[in-house]
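Comments concern the structure below.
Just so it is clear, the model here is predicted, and its values are computed rather than measured. Reminder, nothing fancy here: chain letters follow the sequence lines and each chain counts from 1.
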Amino acid sequence: MATSSHRYRVLARSGLPLDTVKLARYLIGKIVVRETPQGLLSGRIVETEAYPVGDAAGHAFRGETARTQTLFLSRGHAYVYLAYGTSYMLNVSSEAVGVGAGVLIRALEPLEGIETMQRNRHVKNLRDLARGPGRLAAALDIDRRLEGIDLCRKGSLWLARDLSGAPKVAASTRIGLSKEAHRILRFYIPGNRFVSGAKMLNR
DNA sequence: AGTGCGATTGACT
DNA sequence: GTCAATCGCACTA
């Protein structure tokens, strides 16, 4: 399977809801496309989390800093950071220019480039390739090189329309937080086997 | 300059 | 189920 990005249509920025929570829901079912020298990798988004304006758990909460400046770009830009010194997290900026907020992409259903993802992850099992934010970044070879990239423009990393219809979307509390742990800001496809987190939360 | 702490993962009891 | 690894960042002084 060589380059088949022609099957994908890039998401238009004007089509992205100008609201972090709505965008988190909107991105469920959309496609992440990663183009590398090794070939094209892609996956369907099955789980996201919103980190809206005013959220004490969000990295933009304390204002714009060197790390978080890309969260303040117009919606549809990549914010990539290293969590726990071990795992990169892929986020999508989600508000107007100068307003800091984002959506964390937490899990993908692998579509194309599965053999490359298996090499990147040193794991065979399809279910484990991109189930979890750190895992999906490793599978797609995403790190700080991609910080600030425009995800609404074809390139090394971008977002595409889903080919099938709108999936069912369920909501729950976010995973792994101490602050703002009660808020219902996680979205996922119920019953999907590529969703991370506790089973009870995924029904 | 030093400190505490994660939007996680994988290895292990 | 528990827990250490690992490091960039925000905050204190």
Side-chain angles (χ1 to χ4, degrees), chain A residues 19-28 32 43 45-73 75-95 99-108 110 117-149 151 157 159 169-189 193-202:
Chain A
D19 174 279
T20 302
V21 178
K22 287 177 182 166
L23 180 63
R25 197 181 272 274
Y26 173 86
L27 288 177
I28 297 293
V32 177
I45 298 171
V46 297
E47 179 183 358
T48 63
E49 282 178 355
Y51 290 85
V53 174
D55 172 21
H59 287 184
F61 182 67
R62 285 166 227 288
E64 189 170 346
T65 67
R67 172 173 65 149
T68 63
Q69 62 175 333
T70 58
L71 282 174
F72 292 77
L73 298 175
R75 64 199 190 281
H77 287 83
Y79 166 60
V80 180
Y81 75 94
L82 183 63
Y84 295 101
T86 56
S87 304
Y88 287 99
M89 306 281 122
L90 172 62
N91 298 258
V92 182
S93 68
S94 54
E95 297 283 343
V99 180
V103 173
L104 172 68
I105 310 299
R106 283 197 57 93
L108 301 179
M117 293 189 204
Q118 288 169 327
R119 277 199 304 277
N120 290 343
R121 286 267 296 123
H122 309 290
V123 163
K124 283 281 184 198
N125 184 357
L126 184 68
R127 181 168 182 252
D128 292 335
L129 280 185
R131 184 170 53 86
R135 290 167 174 172
L136 85 82
L140 298 187
D141 191 27
I142 289 169
D143 59 25
R144 295 276 297 177
R145 288 171 300 171
L146 298 167
E147 172 71 348
I149 203 167
L151 300 170
L157 183 67
L159 293 168
V169 179
S172 78
T173 54
R174 294 174 294 184
I175 293 178
L177 300 186
S178 52
K179 299 171 189 164
E180 305 283 357
H182 64 284
R183 300 186 68 181
I184 308 296
L185 291 171
R186 171 175 174 258
F187 301 96
Y188 60 96
I189 300 179
R193 74 191 190 103
F194 299 98
V195 171
S196 77
K199 279 189 174 177
M200 293 300 292
L201 285 174
N202 295 336

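Pair assignment for C:dT6 gives none, since no Watson-Crick or G-U wobble pairing has each distance under 3.5 Å.
Listed pair A:R135 / B:dG10 meets the phosphate criterion, a side-chain N or O lying under 4.0 Å from OP1 or OP2. At least one side-chain nitrogen or oxygen of A:H59 sits closer than 4.0 Å to the OP1 or OP2 atom of B:dA7. Applying the 4.0 Å criterion to OP1 and OP2 of B:dT8, one finds that A:R106 has a side-chain N or O inside that range. Side-chain nitrogen and oxygen atoms of A:R67 include at least one within less than 4.0 Å of the OP1 or OP2 phosphate oxygen of C:dA10. Listed pair A:R121 / B:dG10 meets the phosphate criterion, a side-chain N or O lying under 4.0 Å from OP1 or OP2. Between C:dC11 and A:R62, a contact under 4.0 Å exists linking OP1 or OP2 to a side-chain N or O.
Distance CG (A:L129) to P (B:dT9): 13 Å, rounded to an integer number of Å. Rounding to whole angstrom units, OH of residue A:Y81 and C1' of C:dC7 are separated by 13 Å.
Contact annotation: side chain of A:Y84 to base of C:dA5, donor-acceptor pair absent below 3.5 Å.
Here A:R131 lies out of heavy-atom contact (under 4.0 Å) with every strand. At a threshold of 4.0 angstrom between heavy atoms, the contacts of A:R174 with the nucleic acid are absent.
Considering CG of A:D141 and CE of A:M117, their distance stands at 11.5 Å, rounded to 0.5 Å. The OH atom of A:Y88 sits 5.0 Å away from atom CG of A:D143, with the distance rounded to the nearest 0.5 Å. The distance from the CG atom of A:L136 to the CZ atom of A:R106 is 9.5 Å, given to the nearest 0.5 Å.
A residue-by-residue look at A:A83 and A:A66 shows that A:A83 has its nearest nucleotide of DNA chain C further toward the 5' end. Mapping A:T86 and A:T68 onto DNA chain C via the closest heavy atom, the residue that lands nearer the 5' end is A:T86.
With centroids closer than 5.5 Å and planes inclined by less than 30 degrees as the test, A:Y51 and the base of B:dA7 pass as a stacked pair.
Shortest non-hydrogen contact noted between A:R186 and A:E47 is NE-OE2, 2.8 Å. Residues A:L129 and A:A139 approach most closely at O-CB, 3.5 Å, considering heavy atoms.
The side chain of A:L82 approaches C:dG8 more closely than any other nucleotide in the set B:dA7, C:dG8, C:dA10.
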